[in-house]
S.K.: 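I'd like to ask some things about the structure below.
Proteins come first, then strands; the chains are lettered A, B, ... in the order of their sequence lines, and each starts at number 1.
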Amino acid sequence: MNARPLMRLRFTTAPVEEISLTPHGTLSIFPITGGSFEGERLRGTVLGGADWVTAGADGTRELDLRVTLETDDGALIHMTFTGVRDDANHYFRTLPRFETAAPKYAFLNRLLAVGVGEGHRDGPIHTIEEIL
Amino acid sequence: MNTRLLMTLRVTVAAPQNIAGVPHGTRRTVPITGGDFDGPWLRGSVLPGGSGDWLLLRADGVLELDFRATLRTDDGALISMRSFGLRHGPPEVMEALARGEAVEPAAYYFRTTPRFETSHPKYAFLNRRLAVATGDRRAEGPVYTIHELH
C-alpha cells in the first residue's frame with residue numbers, strides 16, 4: 001500500500017469517565033480538551049471532543065473518537081476515527097475520516113487514512129497518513 | 001505505514017437495486033452472490049446470504065461504500081467482514097466503470113478499510129487488526145487486495 005503523511009496530531013485529555021461494564025465491554029470515555037495538528041497541507045488546533053473506548057474480553061480496546069479541528073486559517077474539520085489499541089502487542093492503529101465544508105480542505109472528504117498512535121502521559125499522539 | 005498482504009477477495013454481484021435519491025445522495029444496493037478469497041493465512045468462499053455493498057453517491061461525486069460479507073474459510077470458520085470505502089475519479093472514468101467497461105485500477109481512487117469479526121480461535125487475530133484495501137471494479141464484480149496494518 002502507498003501512503004503519504006497527512007498530519008501529526010496531539011491531544012490533551014481530561015480525567016477519564018469510567019462508565020464501566022456495559023453489554024459490549026468496559027466503556028471508558030476520554031474527554032479531549034484540546035491539542036494541535038501539523039502537516040505539510042494543514043495545521044491548527046483541536047477544539048475538543050472525546051474518545052469512547054470499549055475494552056473487550058480479549059484485552060483489546062476498540063476506539064471510537066470524534067473531535068473538531070480548526071485550521072490556522074479558520075476552517076473547521078469534523079474528524080472521527082475507529083481504531084484498535086492492544087498494548088500487550090504494541091498495536092495502536094486507527095482509521096481516521098474527515099468532513100469539511102472548506103473548499104481548500106475538501107480533499108479530506110475524498111480520502112481514507114490510517115493512523116499510528118503512541119500513548120503519552122499527557123495525551124496520545126497520532127501519526128496519520130493518507131492512503132494513496 | 002507497515003502493511004502485509006492479508007488476502008485477495010473476489011466477489012460476484014447481481015443486478016443492483018436502485019433506491020435512487022435519498023436525503024444523503026443517490027443510494028444503490030448491490031447484492032453479492034458469492035466469491036472467493038485467498039491469502040497466506042486463510043482462504044475460502046464468500047457466502048451470498050448476508051453479503052452486499054450499500055452504495056451512496058454523494059453530492060460531491062464521491063461514492064461511499066458500505067460493504068458487508070460473510071466469509072467461510074476452507075476449514076469451516078465463519079468470518080464477518082465489514083468495510084467502509086470511497087470510490088471517485090475523473091467523470092469519463094466513472095462513466096466507463098458504470099457501463100461495465102474494463103478500467104485500469106490506477107485511473108481512479110477505490111480504497112476501503114475492512115474490519116473482521118470471528119469466534120474461531122485460529123482466526124481470532126483478525127478481530128484485533130485493522131486493514132486497508134485497494135479495489136478493482138470489474139464487470140463481474142470487484143476484486144479487493146487487502147493488506148493488514150502491521
S.K.: Is there a path from Val13(B) to Val103(B) through hydrophobic residues (I, L, V, M, F, W, Y) whose side chains come within less than 4.5 Å of each other?
M.R.: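 Yes, one cluster joins them.
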
S.K.: Would you please test Asp60(B) and Asn109(A) for side-chain contact (heavy atoms from CB on, under 4.5 Å) and show each step?
M.R.: CA-CA 9 Å; Asp60(B) 64 354; Asn109(A) 295 326; 4.1 Å; yes

S.K.: Quick one: CZ on Arg128(B) to CG on Asp86(A), what's the gap to the nearest 0.5 Å?
M.R.: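 Between Arg128(B) CZ and Asp86(A) CG, I get 6.5 Å after rounding to 0.5 Å.
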
S.K.: Does Phe98(A) share a hydrophobic cluster with Leu63(B), counting links as ILVMFWY side-chain heavy atoms below 4.5 Å and allowing steps through other members?
M.R.: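 No, no single cluster joins them.
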
S.K.: Against chain A, work out which of Thr3(B), Leu130(B), Leu86(B) has the most heavy-atom pairs shorter than 4.5 Å and name it.
M.R.: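 The residue among Thr3(B), Leu130(B), Leu86(B) with the greatest pair count is Leu130(B).
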
S.K.: What distance separates Met1(B) CE from Glu130(A) CD, expressed to the nearest 0.5 Å?
M.R.: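 Reported to 0.5 Å precision, the distance equals 10.5 Å.
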
S.K.: State yes or no: do Phe110(B) and Ile131(A) share one hydrophobic cluster built from I, L, V, M, F, W and Y residues joined by side-chain heavy-atom distances below 4.5 Å, directly or via other members?
M.R.: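 No, because Phe110(B) and Ile131(A) fall into different hydrophobic clusters, even though each may have its own neighbours under 4.5 Å.
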
S.K.: Which one wins on heavy-atom pair count under 4.5 Å against chain B: Asn89(A), Leu111(A), Thr82(A)?
M.R.: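 Ranked by contacts with chain B, first place is Leu111(A).
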
S.K.: By a 4.5 Å heavy-atom criterion (distance strictly below it), what part of Val116(A) contacts chain B: side chain, backbone, both, or neither?
M.R.: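 Looking at Val116(A), nothing touches chain B.
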
S.K.: Got a second to check how far Arg111(B)'s CZ is from Asn2(A)'s CG, nearest 0.5 Å?
M.R.: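 It comes to 8.0 Å.
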
S.K.: Answer with side chain, backbone, both or neither: which region of Leu132(A) has an atom nearer than 4.5 Å to a non-hydrogen atom of chain B?
M.R.: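 For Leu132(A), the contact with chain B is made by the backbone alone.
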
S.K.: Given the rule in the side-chain contact (heavy atoms from CB on, under 4.5 Å) test, do Val132(B) and Leu112(A) qualify, once you have shown the distances and angles that lead to the verdict?
M.R.: CA-CA 9 Å; Val132(B) 295; Leu112(A) 294 180; over 6 Å; no

S.K.: Within 45° of the axis and under 6.0 Å from the centre of the six-membered ring of Phe84(B), does NZ or CZ of Arg97(A) qualify?
M.R.: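 Positive - Arg97(A) is close enough to the ring of Phe84(B) and near enough to its axis.
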
S.K.: If only atom types and distance count, is the side chain of Arg93(A) paired as donor or acceptor with the main-chain N or O of His150(B) below 3.5 Å?
M.R.: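 Present.
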
S.K.: Determine, using the 4.5 Å side-chain heavy-atom cutoff (strictly less than), whether Leu5(B) and Met7(B) are members of one ILVMFWY cluster.
M.R.: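 Result: no, two separate clusters.
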
S.K.: Examine whether an atom of Thr94(A) lies under 4.5 Å from a heavy atom of chain B, and if so say whether it belongs to the side chain, the backbone or both; otherwise answer neither.
M.R.: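 The backbone, not the side chain.
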
S.K.: Pick from Glu62(A), Glu129(A), Arg110(A): which one has the most heavy-atom pairs with chain B under 4.5 Å?
M.R.: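 Most pairs with chain B among the choices: Arg110(A).
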
S.K.: Hey, what do you get for CE (Met1(A)) to OG1 (Thr134(B)), rounding to the nearest 0.5 Å?
M.R.: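 Going from CE on Met1(A) over to OG1 on Thr134(B), the span is 3.5 Å.
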
S.K.: Heavy-atom cut-off 4.5 Å, strictly under: side chain, backbone, both or neither for Arg58(B) against chain A?
M.R.: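 The answer is the side chain of Arg58(B).
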
S.K.: Is it the case that atom NE2 in His24(A) sees more than 12 heavy atoms from other parts of the structure closer than 6.0 Å?
M.R.: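 It does not: His24(A) NE2 has 12 such atoms or fewer within range.
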
